[in-house]
Amino acid sequence: MISELYPVNNEIRRAQLLDGLWRFRFDPRSEGEEAGWAQKGLPDPISMPVPASFADVFTEAWQRDYCGDFWYETDVYVQEIQQDQQLFIRFGSITHRCRVFINGQPAGEHEGGFLPVVVDAGAFLRQGRNRLTVLANNELNETSIPCGAVRTKADGRKQAQGYFDFFNYAGIHRSVWLMQIPAGAIRDYNTACSLEAGKAEISYEVEAEGDGEILVQLSDREGTPVASGKGRQGILHVENPQLWQVRNAYLYTLTILLQKNGRTIDHYDSPLGIRTVKVEGNHILINGQPVYLKGFGKHEDSEILGRGFSFAVAKRDYECMKWIGANCFRTSHYPYAEEWYQMADQEGFLIIDEVPGVGMMRSFANFAAAGAGKSNGFFGDCPDVDLLQKNHMNAVEEVIRRDKNHPSVIAWSIFNEAETTTQAAHDYFAPLFEAARKLDPQHRPVTGVLEKTSSPERCRCWPMMDFICLNRYYGWYISGGDLQEAKRQFKEEMDQWAEKAPQVPFVFTEFGTDTLDSLHKLPSVMWSQEYQQEYMEMNFSVFDEYPFIQGELAWNFADFQTGQGIMRVNGNKKGLFSRNRQPKEAAWAMKRRWEKQ
Ligand code: GCB
């Protein structure tokens, strides 16, 4: 049985970080498995930091742009294995797919590059030194999420072509842990809150192995118990609860104990925020109060690390978001490292948690086609739509299982800018929306993110959404350089939505302009700092005219790396912050607006 709970250390559970310099090598001819690299050890490896993307540590283009199989290897020392213990190796993610070997034996595999890979390692690890090997692959196709293709060049080199606008970073992007947990372990838990005047009810459900007794306790910040329960499910009653509020988080600690004959077999502590999320009419309600979402679509992206998680980068991002007055971000276009959500729980940030359902429109420059409203089908002629949907469904299940207990998560986003105008698209997405609604114990809103071709007239999928997310670039991809005309077109579309879906909240999940921090021009031109600011102000004036608009998440928090092409100058420059997290001028205008709201 696989335990996916985030690793913790306490008197029963042990979690040992395996991060550091691992051994690494490319395998362009996919020969390593047959040649027995997992059994014999990697031949001529180089060193590679974990966690990090491999791309930007290199100085040669072929290494940075490498596409195909690649291997990681390290030694794991196990001091003592006790009879009544289970051992797991847990990778925060391996991009995009992997097979894991322990002491040369195949121990597990995973498809999808943005969610944990947990390997039951008990049968393979021995006391002392062990070899842990990962065979990974970063190719894209039309059954992988995200979607893309691979082009093979005349010299045999493969090139990944994502149907999306971010660099196809790969590697071991998140921390790796050796977990020692008891034989009969707590495997998972759910919580859901309801509020009444002066009271909160927290229903809980614990999944545990074996037949021990479950005890649950909730303690406040000072460690004083405020409620307790017995049994695998029940309700905790809290008088005068301190609510988890937007940008004002209060976290209790939930303690779960598994006991047998009076002895504690397992113990798991985690933070718990008491809050509710609901959509009512045109409003998104947190604890019954309407909230207006302010913030960004982000990426996990920074210099050198690529998509590798760093506490320092994440901390800087939160500080910048606090400085500018934001309260929300979308994990565009994939679930982020779990530490992002833990930090959001502490800071009171709201997260729209997105599965990697991106690139579901067949165009090598999806973002450009999408922005300009060009239609090209996808689901109707996808080579194996059932396999794609299965991979997508697994990601929905895995992300909800991983993130369901975070108070910061207020909604699930099933896709970004997919083709949504055909019956095939509707039939593809309907079961995914249904699954998300069924699987989430807190019944949070479920949404998807619509690009320009998903117009009020043509989109077949918006009725599945609890609130509607729009990515719109009036003044950039449409009527770029003419904000007056852009505004007219923008309002024309919004008037249509007002007629079509007047009772649903709308959130703008993308709007923005590429902007060079070196370029100033009066009067403004596209790409200048002045234009970004004027564009933002035009967008704000439209948002303020439509009361059903309940949020504005600008594209993007910071400049980020993309593939090369004539549309990108060493990456996407739509950041309100530069890639090294310094504000562009428009950031000050957003700060002035958001601090007042
Ligand atoms: C979009 C995509 C996003 C792109 C952005 C852009 O619509 O969702 O991934 O980066 O546009 O800048 O073109």
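Counting starts at 1 for both ligands and their atoms, following the listed order.
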Closest heavy-atom approach to atom 8 (O) of ligand 1 among Glu510, Glu451, His299 is made by Glu510

Report the part of [X] in contact with ligand 1, treating N, CA, C, O as backbone and CB onward as side chain, heavy atoms under 4.0 Å; options are side chain, backbone, both, neither.
X: Phe164; result: neither
X: Asn572; result: side chain
X: Phe166; result: neither
X: Phe560; result: side chain
X: Asn416; result: side chain

Give the atom numbers and elements of ligand 1 that come within less than 4.0 Å of a heavy atom of [X].
X: His333; value: 3 (C), 8 (O), 9 (O)
X: Tyr477; value: 6 (C), 12 (O), 13 (O)
X: Asn471; value: 8 (O)
X: Glu417; value: 1 (C), 2 (C), 7 (O), 8 (O)
X: Arg568; value: 6 (C), 12 (O), 13 (O)

Verdict with reasoning, Asn570 to Gln561, per side-chain hydrogen bond (donor to acceptor under 3.5 Å, both in side chains)
CA-CA 7 Å; Asn570 182 28; Gln561 197 66 55; 3.0 Å; yes

All heavy atoms of Thr562 vs all of Gly571, minimum pair found to be OG1-CA, 3.4 Å

Reported CD-to-CD distance for the pair Gln564 and Gln159, which is rounded to 0.5 angstrom
8.5 Å

Ring centres of [X] and [Y] under 6.0 Å apart?
X: Trp462; Y: His426; answer: no
X: Phe511; Y: Phe543; answer: yes
X: Phe329; Y: Phe296; answer: no

Identify the residue among Arg330, Lys294, Arg593 that makes a salt bridge (charged side-chain N to carboxylate O under 4.0 Å, His left out) with Glu552.
Arg593

Please work out whether the ring planes of Tyr473 and Tyr477 are parallel, tilted or perpendicular, with thresholds of 30° and 60°.
perpendicular

